[in-house]
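In what follows, a structure is listed as structure tokens, so that the remarks can point back to it.
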Amino acid sequence: MDTSKLRYTETHEWVSLNGNLARVGITDHAQREISDVVFVELPKPGALLKQKQSAMIVESVKAAFDIYAPVSGKIVKINEELGKRPELVNQSPCEEGWLFEMECSDLKEANGLLTEEQYQKFKTQPTH
Amino acid sequence: MTSIQEIHSIKKTPLYDRHLSLHGKMADFAGWLLPVYYTSILEEHRWVRRSCGVFDVSHLGEIRVSGAGAFRFLQYRLTNDLDKLEDGRILYSPLCDEMGFVLDEFLVYQAGKDDYYLVVNAANVERDCEALRRYAPDAVTLQDESGRTACVAVQGPLSEGLLERLFGFRLKDLGYYRFKEERYRGEPLWISRTGYTGEDGFEIFSPHSLAGPVWDRLMEAKGEEGVRPVGLGARNTLRLEAGNVLYGEDLDETVTPLEAGLGWAVSFSKEGGFVGRDMLILQKERGTSRRLVGFRVLEKPVAREHYAIHKEGRKIGKVTSGSYGPTVGANIGLGYVEKGFEAPGTPIEIEIHGRFVKAEVVKTPFVPLKHR
């Protein structure tokens with residue numbers, strides 16, 4: 001997949017924007033870090049979230065990880081397939097392993113997200 | 001979160017560079033940089049159950065206790081009965097404080113008369129030495145060998161055959177919880193039929209200088225029907241399925257061996273008693289107010305350390321380790337529950353991410369043990 005059009009967060013979510021519709025997942029780097037995903041607790045469609053608010057939980061064999069809303073808005077769709085096949089998050093983090101879609105309520109927030117280049121640079125920085 | 005001071009004191013095992021070249025995902029474990037996994041915790045876990053996994057467990061501590069009176073000293077200091085030992089045999093024993101709380105747990109290797117090696121948890125080495133020294137008579141010497149002893153665990157059903165083929169060791173006659181000296185490249189090492197995974201397997205103790213060559217020889221057998229390096233992530237899921245407790249999670253200085261289900265390793269009948277006996281016998285007579293139990297979560301989320309265990313709206317305990325059990329195919333864990341709720345089959349609820357998830361007390365181990 002061409003990831004150059006994606007936008008990113010510092011909490012390792014990717015966002016694919018189509019008008020005001022934002023599809024969200026975790027990055028390849030993130031899925032490697034958390035290792036094998038065994039369960040995802042998806043958000044409820046219709047839920048209203050503020051940017052950076054915890055949207056859902058991804059559980060791996062290592063630990064439980066919060067996934068944050070990259071933008072403010074309403075959850076309009078979730079990836080039901082992950083209920084049966086949570087491993088898609090590892091196998092195909094940017095395509096089949098997407099997590100949810102949001103109606104973005106403020107496009108300015110989306111414009112403030114990291115670009116591919118910025119994210120690549122960010123993720124290689126040593127963590128604190 | 002790791003602080004800067006801690007980073008400076010993080011130790012590397014003699015196999016550190018090898019883990020890096022195998023793309024091991026390194027993390028701090030009890031002050032040691034060790035691989036959590038190389039490719040995938042799930043894959044590595046399954047590999048050990050059906051083939052042969054190789055682990056760097058050089059972080060384990062080794063303390064030699066020797067000199068006239070070493071037997072009598074340890075017999076009094078530890079809870080299990082060392083009379084069950086003979087040369088070349090190994091015994092599990094908790095180390096308790098005067099109140100009967102668990103300071104650590106050891107594997108006691110009897111090398112000879114009044115000559116013992118204790119294999120101890122990495123995080124506890126210093127405290128163990130201190131707790132031992134306080135009771136040790138002058139003629140007994142305590143030597144912390146941890147800094148120069150490496151350990152490689154080889155676990156899984158194919159381990160015996162692979163080790164015999166790769167090193168020319170003769171292991172068929174080496175029974176469970178027995179060890180012997182072998183040589184590789186002219187240097188001595190110890191090999192014991194022990195492990196933490198619930199599978200048949202071995203642990204190889206050697207000086208640091210020999211750990212690299214031993215590891216490299218094992219890695220020559222990488223591939224199908226062969227070995228695979230396995231990280232501490234899978235070591236944890238494997239030990240949990242085998243029902244083995246982990247010090248620092250399921251066991252610490254706030255619990256007694258009786259509460260932790262380790263009563264089988266406490267000998268009330270041995271002559272001369274042991275440190276902590278008075279309190280433990282009291283607890284034995286009155287019954288423990290809580291017990292460590294295994295549980296199985298009946299829904300999807302994973303119950304993790306510190307999550308509360310409830311029964312009919314009341315908190316009755318807490319989870320001490322929990323994970324997805326790859327071989328069990330369900331979320332499992334260990335935790336303490338109040339007396340009266342320890343029977344297998346007891347329905348319980350675990351508070352996970354703000355909701356109450358159904359679970360059930362079950363017998364441990366979660367998988368059949370394959371020890372020889």
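Because the structure is a prediction, the values reported are computed rather than measured. Both backbone and side-chain heavy atoms feed into the values below; hydrogens, waters and symmetry mates do not. Every chain is numbered from 1 and lettered A, B, ... according to where its sequence line falls, protein lines coming before strand lines.
With hydrogens and angles ignored, the 3.5 Å screen pairs no side-chain donor or acceptor of A:Asp36 with any backbone N or O of B:Ser40.
Looking at A:Glu59 and B:Lys300, their side chains never come closer than 4.5 Å, going by heavy atoms from C-beta outward.
Annotation: A:Arg32, atom CZ; neighbour count of heavy atoms from other residues, nucleotides and ligands within 6.0 Å does not exceed 12. Few gaps surround CG on A:Asn111; more than 12 heavy atoms of other groups in view lie less than 6.0 Å from it. For B:Lys311, the NZ atom sits in a packed shell: over 12 heavy atoms of surrounding residues, nucleotides or ligands are nearer than 6.0 Å. By the neighbour-count criterion of 12 heavy atoms within 6.0 Å, atom CD of B:Glu225 is sparsely surrounded, having that number or fewer from other residues, nucleotides or ligands.
When heavy atoms are compared at a cutoff of 4.5 Å, A:Glu87 does not approach chain B at all. Using a 4.5 Å cut-off between heavy atoms, B:Lys25 contacts chain A through its side chain alone, with no backbone atom that close. For B:Ser323, the part lying under 4.5 angstrom from a heavy atom of chain A is the side chain only.
Taking all atoms of both residues into account, the shortest heavy-atom contact from B:Arg304 to A:Val61 is NH1-O, 4.2 Å. Across all non-hydrogen atoms, the minimal contact from B:His353 to A:Ala64 is NE2-CB, 4.0 Å.
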